[in-house]
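Source: prediction; values computed, not measured. Chain A is the first sequence line, chain B the second, and so forth, proteins listed ahead of strands; every chain is numbered from 1.
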Amino acid sequence: MTVRTRFAPSPTGFLHIGGARTALFSWAYARHHGGTFILRIEDTDVERSTPEAVQAILDGMQWLGLGHDEGPFYQMQRMDRYKQVISEMLLAGSAYRCYMTKDELDALRAEQEARKQKPRYDGRWRPETGKTLPPPPDGIPYVVRFRNPATGVVAWDDKVKGRIEFANSELDDFIISRADGTPTYNFCVVVDDRDMAITHVIRGDDHVNNTPRQINLLQALGAPVPQYAHLSMILGDDGQKLSKRHGAVSVMQYDDDGYLPEAVLNYLARLGWSHGDDEIFSMEQFVEWFDLDHITASAAQFNTEKLNWLNAHYIKQADLHRLGDEVTQRLARQGVSIAGGPEITAVLALYRDRAGNLNELADAVHPFYVMPHPGEEIRAQHLTEVALNALLALRQRLSTTPWQTAELGQAVKQTAAELGLKMPHVAIPLRVALLGLPQSPAIDAVLEVLGRERVLTRLDAVLPC
RNA sequence: GUUCCCAUCGUCUAGAGGCCUAGGACAUUACCCUUUCACGGUAAGUACCGGGGUUCGAAUCCCCGUGGGAACGCCA
């Protein structure tokens, strides 16, 4: 049997970090087994679903590189199929019409809650042998309810949580078709999972309580029951639950914030899953290793600092031309063009080991392309009379120094030596003159990459005429 | 309220009865490297929620408690 998994988001917002991890695990499981990964858009909530959200989810999946093999399927386009199954169930007696109004239902629930009972449908329209139902009232649209087994237990071996059992007596007859004739979530999921021959349902653990209902439905339909793996939730950095109002951000925000997708993926892979002590691995390696047995059952707290560490690691590894493209774009957004400046890959080679994200990298590289204007405080502190004197001497030497790292380093050293100064007393003012900052990578390398012309121009700009 | 789930360093986790005086990683601290800032290297501190069992032996199995979470929609 080939493995078929699916990711089934509802398009009511962007793809957030929790959804992304669910997608990643479903995708990896299918890939690991040479199976099929299906994308299904659960858009039956017409009120809240938007085409923008569909696009945002697609964009997020693409940025992460989680390609699907089938779909995207849209539930709204499968209405005829759902209605067909509902009429079959009505005919077979596994579902029935319920004429209770919404108001009556609300009243019932309020009363149950007042008595501190679990709110649930009381089965008043459920056909039972020997029970006479009232005649269907006129003018009241009906909903269709699933006739859930009244006794016994539903159980399954959850691949992450182990065996879970529910007593059928805890489950009420839930609505599968609304008064307006549209099918509901639990029903659509079941029909789709069956029609799409899903073998492994990997989803968030907020669905644990839906699972027994879905299994009962599946069985009523005579369909095979897939394996279930319920992933526990991801908490925010502060240990609080993520929500639209609190901390939940689009995966695309990570792009904006300067994260590489492979860093986000690697981080997410380790959040709730492990392979011994391995921390850093490629997606190829992840797919090879991934299994359901090593998924943690408890909730995990998101840790931005660890993500940052991984991101820094991947920036160090990344191809310089790719980093060049990323940084060029980010600079362009700030109105900075690299045209006419030093070779971007050469500059990046100096900075990639010291940046935590792409935006920091862009900021670091910025002064190479824009004439720096060190602030008053920095000038006062570093461009002292002694320092300027040294820079003047250095300027003269640099106008003839062969433009190679070793020679340039020598030039700075000799200047310092001749003036009886220590290295930092020359190198730091030089950094300020060249880049507007007292810190930089090795000064000889900075000189080399900047080029003689720009170096002399920048020195002249701080030197008194 | 009811049902269900969860519980190892601050955080992510290893751990499937003896290999655990509990390992790795992030973070923290110290030192080293160094022309600055980083990077890197080395080292240190920090954890099995509590109580009962089972067993020769429990972080690992069972029960209870405590704490946290989820669900109980004509939302998904």
> Quick one: which of rC74(B), rU35(B), rG24(B) gets closest to the side chain of Arg270(A)?
Replying inline: rG24(B)

> Looking only at atom types and distance, does a side-chain atom of Asp193(A) sit under 3.5 Å from a main-chain N or O of Ile198(A), one as donor and one as acceptor?
Replying inline: no

>> Suppose we define a pair by two distances each less than 3.5 Å, Watson-Crick or G-U wobble; what does rU60(B) pair with here?
In response: none

>> Tell me the interatomic distance from Leu271(A), atom CG, to rU13(B), atom P, rounded to whole angstroms.
In response: 6 Å

>> Please determine whether a side-chain nitrogen or oxygen atom of Lys118(A) lies at a distance below 4.0 Å from atom OP1 or OP2 of rA71(B).
In response: no

> Considering only rU35(B), rC26(B), rC74(B), which nucleotide approaches the side chain of Glu305(A) most closely?
Replying inline: rC26(B)

Which atom pairs, donor and acceptor, lie under 3.5 Å between side-chain atoms of residues 432-445 of chain A and protein residues at least two apart or in another chain?
| from | atom 1 | to | atom 2 | distance (Å) |
| --- | --- | --- | --- | --- |
| Ser440(A) | OG | Arg431(A) | NE | 2.7 |

> Taking the side chain of Asn210(A) as its heavy atoms from C-beta onward, which of rU36(B), rA76(B), rU13(B) lies nearest to it?
Replying inline: rA76(B)

> Using the C1' atom in both, what is the distance from rC9(B) to rC26(B), to the nearest Å?
Replying inline: 12 Å

> Once you round it to whole Å, what is the distance between C1' of rC26(B) and CG of Asn266(A)?
Replying inline: 13 Å

>> I want to verify a distance call: between rA27(B), rC6(B), rC12(B), whose nearest atom is closest to the Ser298(A) side chain?
In response: rC6(B)

> Ion pair present between Glu326(A) and Arg330(A), side-chain N to carboxylate O less than 4.0 angstrom?
Replying inline: yes

>> Given rC6(B), rU3(B), rA38(B), identify the nucleotide with an atom nearest to the side chain of Phe166(A).
In response: rU3(B)

> Would Arg81(A) and Gln84(A) count as having a side-chain donor-acceptor pair, cut-off 3.5 Å?
Replying inline: yes

>> Taking only the P atom of each, what is the distance from rC37(B) to rU21(B) in whole angstrom?
In response: 43 Å

> Please give, in whole Å, the distance from rA27(B) P to Asp237(A) CG?
Replying inline: 13 Å

> Does Arg178(A) make a side-chain N or O approach to OP1 or OP2 of rA76(B) shorter than 4.0 Å?
Replying inline: yes

> Within this structure, what is the CG-to-P distance between Asn308(A) and rA38(B), rounded to whole angstrom?
Replying inline: 16 Å

>> Between Asp122(A) and Arg109(A), does any side-chain N to carboxylate O distance fall below 4.0 Å?
In response: no

> On a plain distance test, is the side chain of Arg48(A) in donor-acceptor contact with the base of rC75(B) below 3.5 Å?
Replying inline: yes

> Nearest-Å distance, NE2 (His382(A)) to P (rC37(B))?
Replying inline: 11 Å

>> Nearest to the side chain of Thr296(A), heavy atoms from C-beta on, is which of rA27(B), rU36(B), rU13(B)?
In response: rU13(B)

> If pairing requires Watson-Crick or G-U wobble contacts with both distances under 3.5 Å, which nucleotide is the partner of rC72(B)?
Replying inline: rG1(B)

>> The side chain of Ala179(A) is closest to which nucleotide in this list: rC72(B), rA70(B), rC74(B)?
In response: rC74(B)

> What interatomic distance, in whole Å, is found between C1' of rA16(B) and the corresponding atom of rC32(B)?
Replying inline: 41 Å

> Nearest to the side chain of Arg431(A) - rC75(B), rG23(B), rU36(B)?
Replying inline: rU36(B)

> What's the closest nucleotide to the Glu279(A) side chain, out of rU36(B), rA25(B), rC74(B)?
Replying inline: rA25(B)

> Within this structure, what is the NE2-to-P distance between His207(A) and rC5(B), rounded to whole angstrom?
Replying inline: 17 Å

>> Whether Ser232(A) contacts rG69(B) is assessed here as follows: a side-chain N or O lying under 4.0 Å from the phosphate OP1 or OP2. Is that the case?
In response: no

> When you measure from the side chain of Asn186(A), which nucleotide among rC4(B), rC26(B), rA76(B) comes out closest?
Replying inline: rA76(B)

>> Closest-nucleotide mapping onto RNA chain B: is Ala445(A) or Ala299(A) further toward the 5' terminus? I mean the 5' end.
In response: Ala299(A)

> About how many Å separate CG of Leu323(A) and NZ of Lys316(A), when rounded to the nearest 0.5 Å?
Replying inline: 12.5 Å

> Taking any strand in view, what nucleotide pairs with rC31(B) in a Watson-Crick or G-U wobble way, both distances under 3.5 Å?
Replying inline: rG41(B)

>> Check the phosphate of rC74(B) against Arg109(A), side-chain N and O only, distance under 4.0 Å to OP1 or OP2. Yes or no?
In response: yes

>> Using Watson-Crick or G-U wobble geometry with both distances under 3.5 Å, which nucleotide pairs with rC48(B)?
In response: none

>> Whole angstroms only, please: what is the CG-P distance between Asn216(A) and rU3(B)?
In response: 18 Å

>> Taking 4.0 Å as the cut-off, does a side-chain nitrogen or oxygen of Lys422(A) come that near to OP1 or OP2 on rU36(B)?
In response: no

>> Taking pairing as Watson-Crick or G-U wobble with both contacts under 3.5 Å, can you name the mate of rG10(B), or confirm there isn't one?
In response: rC26(B)

>> Without decimals, in angstroms, what is the distance between Gln439(A) CD and rC39(B) P?
In response: 13 Å

> Counting only Watson-Crick or G-U wobble pairs whose two distances fall under 3.5 Å, which nucleotide matches rU21(B)?
Replying inline: none

>> With nearest nucleotide decided by heavy atoms, which residue, Ala8(A) or Ala427(A), maps closer to the 5′ end of RNA chain B?
In response: Ala427(A)

> Could you go step by step and tell me if Tyr185(A) and Asp45(A) meet the side chain to side chain donor-acceptor pair (under 3.5 Å) rule?
Replying inline: CA-CA 9 Å; Tyr185(A) 168 74; Asp45(A) 184 354; over 6 Å; no

>> If you compare every side-chain N and O of Ser274(A) against the phosphate oxygens of rA14(B) (OP1, OP2), does one of them come in below 4.0 Å?
In response: yes

>> Against Leu292(A), only a single residue in Leu231(A), Asp158(A), Val160(A), Ile202(A) fulfils side-chain contact (heavy atoms from CB on, under 4.5 Å); can you say which?
In response: Ile202(A)

>> Could you tell me how far rA25(B) sits from rG69(B) if I compare only their P atoms? Round to whole Å.
In response: 32 Å

